[in-house]
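Heads up, the thing below is written out as structure tokens.
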Amino acid sequence: MRGVTRPNPGAPGAPVIPIKAVPAATGGDAEQGLFEVRRKIYPRSVTGWFATWRWALVWFTQILFYGLPWAAWNDRQAVLFDLGARKFYIFGLVFWPQDFIYLTLLLVIAAISLFLFTAVAGRLWCGYACPQTVYTEIFLWIERVIEGDHNARAKLDASPLTGRKFGLKAAKHGAWAALAFWTGFTFVGYFTPIKMLGGEVLSFSLGPWETFWIFFYGFATYGNAGWMREQVCKYMCPYARFQGAMFDGDTLIIAYDQHRGDPRGSRGKKADPKALGLGDCVDCGICVQVCPTGIDIRDGLQYECIGCAACIDGCDQVMEKMGYSKGLIRYSTEHALRENLGLVGIVSRFVRPRTLAYTAILATVVVAAATALLMRVPLKVDVIRDRGAMVREVEDGELENVYRLQVMNATESAHRYRITVEGLPGIRVASEPVIDMAAASTRAFPVRIRLPGAQSSGGSQKIFIGVTAEDGSGIQVREKAVFLSPRKDGNRAP
Amino acid sequence: MLTQRIAWILWPAFLVACAIEVVFFTLFDPADMQLLGEPLEASRMAIYSVGFFVFWALGAASSFLTCFLQRSPWEVNRCPLPATQRPDGCPKREGPCC
């Protein structure tokens with residue numbers, strides 16, 4: 001492992017600090033990883049302020065993910081992406097493919113938020129909320145409970161296969177597989193009503209595609225969190241590659257204070273580092289051992305660093321034991337490290353052209369999306385002209401055009417609507433003007449519209465077809481259409 | 001190297017397939033689709049699923065060509081035969097005889 005220096009426990013004046021120094025990767029032979037020769041990483045578990053935060057977010061995101069499909073709303077699943085019926089239910093709202101713009105806006109908001117958070121505070125997403133981090137954390141916890149701490153795991157992997165090893169490995173993979181299956185089941189439960197899906201699982205009557213996707217997603221979870229781990233972040237994640245573009249000198253990064261820490265070296269707890277010519281870093285290697293991506297943060301900012309702050313927690317514990325002040329490794333900025341800025345100096349630089357620009361764009365898109373959502377009319381009407389007959393003369397010299405009205409009731413209750421027409425004097429709806437629509441449904445209605453012949457100026461004239469809910473809910477749509485008449489010079493309209 | 005190549009081919013294609021799946025099937029309803037003039041008789045779920053793998057395969061084909069064409073001349077020219085087993089007269093033949 002690059003940059004790791006080992007203290008020599010046998011040297012005179014050897015360390016008496018209670019931390020046993022071991023290189024980060026205590027694993028066996030390097031294995032051929034997916035992308036390059038990979039040494040298996042056995043991250044040492046860590047406790048502390050940031051680890052607590054990460055676990056809080058693991059609980060929060062996973063209660064949300066596993067729990068949400070079970071929530072009910074108006075006798076249906078509260079959040080259901082019903083792909084089969086092409087309707088998305090999100091609590092009180094029903095979205096149709098026509099509402100694609102809202103999904104687009106949501107993705108734009110998510111992307112710009114990510115840019116903003118990254119510019120201000122670095123890889124917060126990676127360190128605390130990304131599913132890859134969250135599931136790796138859970139899978140590592142299972143591994144630790146079953147196989148023991150990082151040293152025990154490395155030893156177990158290096159040992160020959162025995163009954164005990166087989167039992168431990170089987171238990172671990174069994175627990176992983178069970179969690180992965182539940183994750184896949186929950187994922188599919190967002191697309192197929194989960195209670196129905198649960199019944200199908202229990203009665204072994206799952207549909208072929210449901211079975212396939214449960215296992216596909218479950219397998220991906222098992223593979224990514226159990227086997228691939230940091231390789232996903234290092235080689236597969238596009239965000240990890242371009243996040244640097246959002247960074248500048250005032251972005252919060254996890255940094256080793258080289259000025260304070262170097263020269264590194266082991267020493268006794270009571271020794272005066274100044275007298276020994278040493279900095280505050282005792283070179284215990286804890287920061288490397290806890291790192292899930294196996295880097296040495298003391299080498300400076302690296303793209304492999306997912307910003308999980310495990311090294312901060314680890315180092316702070318050592319500093320505390322040594323009686324030094326915490327924060328040898330801490331959240332800081334390049335600027336602050338260079339100019340020795342304090343917290344105020346760091347926070348005051350959060351406001352800068354880049355973050356202001358991201359904030360302005362984000363605010364604009366959020367306001368636009370919220371406005372569009374608030375003004376969204378849960379009724380959609382498409383007017384399609386009947387292509388067969390353009391215009392025909394009916395009794396009393398009236399002219400008739402026929403249209404097809406494609407009406408979509410996007411509310412969750414049945415509605416009665418009235419069809420009206422305006423735009424020309426005397427124009428009227430000659431077919432049944434009142435239509436009934438079931439909840440969340442689409443139907444087509446033929447509509448005949450008549451105009452007294454005397455009112456026609458010939459050719460095509462603009463009219464408006466309105467559809468209004470009869471229940472006073474204010475739901476109303478007005479669509480433009482064209483009314484065709486024979487030309488006045490005697491030639492029929494085509 | 002082979003696993004790396006496979007990963008280079010499949011993974012970007014997977015990401016692209018996910019994006020295309022969402023956009024394509026939002027814009028087009030499988031129930032309205034026709035195959036050689038006949039309406040598709042599969043369920044929407046089946047068409048979404050098959051569609052995903054078609055997109056993935058197309059992306060993978062593109063990634064495959066990228067990988068294939070970016071091989072260096074050295075890799076292309078490399079003779080599959082070990083130096084000692086090359087035919088007589090081959091300038092790169094090595095062996096006890098020469």
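None of these values were measured; they are calculated from a predicted model. What you see below is based on every heavy atom in this structure, not just the backbone, and it leaves out hydrogens, waters and symmetry mates.
Side-chain contact check for W11(B) versus V232(A): every heavy-atom pair is 4.5 Å or farther apart. Residues R86(A) and P30(B) have side chains in contact (heavy-atom distance under 4.5 Å, counting atoms from C-beta outward).
By a heavy-atom distance cut of under 4.5 Å, P97(A), F100(A), L103(A) are the residues of residues 94-108 of chain A near chain B, going up by number. Contacts between residues 196-208 of chain A and chain B, defined by a heavy-atom separation under 4.5 Å, are made by no residue at all.
Annotation: the span from Y235(A) atom OH to Q4(B) atom CD amounts to 9.0 Å, rounded to 0.5 Å.
Minimum interatomic distance between T192(A) and M45(B) (heavy atoms only, all atoms of both residues): OG1-CE, 4.5 Å. Taking all atoms of both residues into account, the shortest heavy-atom contact from L83(A) to R44(B) is O-CD, 3.9 Å.
Between F191(A) and Y48(B), the distance from one ring center to the other does not fall under 6.0 angstrom.
Counting heavy atoms of neighbouring residues, nucleotides and ligands inside a 6.0 Å radius, atom CZ of F242(A) exceeds 12 of them. The environment of F181(A) atom CZ is dense: over 12 non-hydrogen atoms of other residues, nucleotides or ligands sit within 6.0 angstrom. In the displayed structure, E41(B) atom CD is contacted under 6.0 Å by at most 12 heavy atoms of other residues, nucleotides or ligands.
Ring geometry for W213(A) against F53(B) counts as parallel: the plane angle stays under 30°, on a 0 to 90° scale with 60° as the upper cut.
Contacts of I47(B) with chain A are absent, with no heavy-atom separation under 4.5 Å from either backbone or side chain. Proximity to chain A is limited to the side chain of F14(B), based on heavy atoms less than 4.5 angstrom apart. For chain B, no part of F88(A) is nearby; none of its heavy atoms comes within less than 4.5 Å.
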